[in-house]
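One structure is given here, and the rest of the page talks about it.
Heavy atoms only: backbone and side chains are in, while hydrogens, waters and symmetry mates are out.
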Amino acid sequence: MRRLLILAADFVIAALILGGIWGANYVIPQRGIQAENVYAPAGQGLQTTKVKLDSQDWHQKFADKFTDTVVSSDTSYTSPNLSIQLTYNSFQTNTVDNSANGKHRKYGTDISYVLADIYMGDITCLQTAFAQDTYGVGYAEKLSDMSDRIKSVLAVNGDSYSNSRHKNNGTIIRNGVIYRAQPTDMETCVLNWDGSMKIYGPQEVDTGKLIEDGAYQSWIFGPSLLDDAGCAKSDFLTWSYIRQSHPRTAIGYYESGHYCLLVVDGRQSTTRGMFLDEMTNLFEELGCKAAYNLDGGHCSFMTMKGQVANHPYKPEHQVQDGIFITEGMQ
């Protein structure tokens, strides 16, 4: 009995030590830097990228998508600067997820998702934001509260840039400001000021070139979902957990000024979530030229005009960052 008590005490002490380390590194807010954007720097000496806008006027390019005044419904929004259309879809796959020792089998084989098709008149209609308006470790906020603060029309979660796998890993550029430039073994998605999107391999990211080329946003999660020809990939640069079926969030790129945001529901008896190959096939069918997986699971969340637009399996979760479709910052 004495040995069992000593062993139990050792386990408790070890758990407390590990919990303390985890909390100190990833939960307790630390190293906070107030967020800024290239048009309104906060004077913290952060480096910014060159603003190189598309030579084509998107208002003219997508003139048939916009309206002179705001026209809004539960699933659509148009204005002089934006066009957003939500589409809901569900389908049967007949494929069971047998990974993770079978714990996903109970979710069945159905898939359901919401897709936001987005046209914008200006690249700053797509903005990013950090929780509590602060870059750093341990900062979290509900996406709905962030959306309300930013006054966005549509919002989805981002890449959880400082979670345990991404802390001090990779390049983080948000709204034209560089917060981090570190090596990474992951793919980096970059949206440029001219509206183009490019996904870089682990050894391809050159911060100096990103500055000169006019990088506007960057995300570090992945994997990329389409090849250079816009075709579905079958090999993904990611870890085993991400290969299981999950609720998902992803961004797709058609052309400068035209994007989509996907949120897949999951971990419910009516929808299990998507495998990566199912998502990559969807983006190929949509005709996207590039697509990139963002954080998923409990974090997968979408709001439209302040209302929850998807069907999450748990109440709203605090997230570290988000992507917001707004009327622009200029």
Side-chain angles (χ1 to χ4, degrees), residues 21-22 24-27 30-33 35-36 38 46-50 126 128-131 134-140 156-193 196-228 233-244 246 248-253 276 279-280 283 289-297 299-300 319-323:
I21 293 172
W22 180 77
N25 283 290
Y26 305 116
V27 176
Q30 56 187 286
R31 295 190 295 278
I33 299 174
E36 50 185 80
V38 73
L46 296 177
Q47 195 167 19
T48 60
T49 61
K50 291 189 175 181
L126 189 155
T128 53
F130 299 122
T134 303
Y135 168 85
V137 176
Y139 294 89
V156 299
N157 62 286
D159 63 355
S160 294
Y161 66 94
S162 66
N163 70 22
S164 58
R165 282 187 175 266
H166 305 155
K167 180 187 174 188
N168 296 327
N169 177 24
T171 297
I172 296 297
I173 301 171
R174 301 294 163 88
N175 303 326
V177 179
I178 302 174
Y179 293 87
R180 185 171 78 213
Q182 297 291 337
T184 182
D185 59 357
M186 304 165 71
E187 292 174 305
T188 302
C189 179
V190 175
L191 177 66
N192 294 306
W193 279 100
S196 62
M197 179 180 286
K198 184 173 181 180
I199 298 172
Y200 296 85
Q203 309 303 320
E204 298 175 342
V205 178
D206 181 328
T207 305
K209 192 171 189 307
L210 292 181
I211 293 172
E212 289 299 317
D213 289 348
Y216 175 55
Q217 313 283 358
S218 74
W219 298 281
I220 179 76
F221 197 100
S224 62
L225 302 168
L226 302 174
D227 63 19
D228 292 341
K233 295 177 68 173
S234 58
D235 185 31
F236 304 101
L237 181 60
T238 190
W239 59 99
S240 59
Y241 178 73
I242 302 299
R243 298 177 190 276
Q244 300 171 15
H246 294 290
R248 305 258 186 202
T249 302
I251 185 169
Y253 163 73
L276 289 173
M279 190 160 60
T280 191
F283 278 109
K289 295 178 181 177
Y292 188 78
N293 182 53
L294 297 165
D295 196 11
C299 293
S300 285
V319 295
Q320 295 177 341
D321 65 327
I323 299 173

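The CG atom of N192 lies 10.5 Å from the CD atom of Q217; values are rounded to the nearest 0.5 Å. A distance of 7.0 Å separates CD1 of I173 from OG1 of T207, quoted to the nearest 0.5 Å. Here the straight-line distance linking atom CE of M186 with atom CD1 of I220 works out to 4.5 Å at 0.5 Å rounding. Considering CD of Q203 and OG1 of T184, their distance stands at 9.0 Å, rounded to 0.5 Å.
A distance-only check finds no donor-acceptor pair linking the side chain of Y200 to the backbone of D206 [under 3.5 Å]. When atom types are taken as modelled, the side chain of N169 and the backbone of Q182 share no donor-acceptor pair closer than 3.5 angstrom. In this structure a side-chain-to-backbone donor-acceptor pair under 3.5 Å is missing from Y179 to L46. Here the side chain of S162 pairs a donor or acceptor atom with the backbone of G136 at under 3.5 angstrom. Under a 3.5 Å cut-off, the side chain of T49 and the backbone N or O of A215 do form a donor-acceptor pair. Side-chain atoms of D295 never come within 3.5 Å of backbone atoms of F221 as a donor-acceptor pair (strictly under, hydrogens ignored).
The two atoms that bring W219 and L191 nearest to each other are CZ3-CB, 4.1 Å, heavy atoms only. Residues P223 and T238 share a closest heavy-atom pair of CD-CB, 4.1 Å. Summarising the geometry of I172 relative to F130, their closest heavy-atom pair is CG2-CZ, 4.3 Å, with the distance given to 0.1 Å. Contact detail for Q244 and H246: the closest heavy-atom pair is O-CD2, 3.2 Å. Heavy-atom minimum distance, E187 versus G201: CG-CA, 4.5 Å. Residues A291 and F283 come closest through the heavy atom pair CB-CG, 3.5 Å.
Considering only heavy atoms from C-beta on, K198 stays 4.5 Å or farther from D213 through its side chain. In this structure the side chain of R248 reaches within 4.5 angstrom of the side chain of L276, judged on heavy atoms. Counting heavy atoms from C-beta on, the side chains of Y292 and D159 never come closer than 4.5 Å. Looking only at side-chain heavy atoms (C-beta outward), T128 and N175 come within less than 4.5 Å of each other.
One finds a salt bridge joining R174 and D321 here, because a Lys/Arg side-chain nitrogen approaches an Asp/Glu carboxylate oxygen to under 4.0 Å.
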May I have the step-by-step check of side chain to side chain contact (heavy atoms under 4.5 Å, CB included) for L126 and I323, ending in yes or no? CA-CA 7 Å; L126 189 155; I323 299 173; 4.0 Å; yes
Kindly indicate, with the supporting measurements, whether the criterion side chain to side chain contact (heavy atoms under 4.5 Å, CB included) is fulfilled by F236 and T280. CA-CA 10 Å; F236 304 101; T280 191; 3.9 Å; yes
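For the side chain to side chain contact (heavy atoms under 4.5 Å, CB included) with S218, the lone residue among I178, L210, V190 that qualifies is V190.
Heavy-atom neighbours of K233 NZ from other residues, nucleotides or ligands within 6.0 Å: above the threshold of 12.
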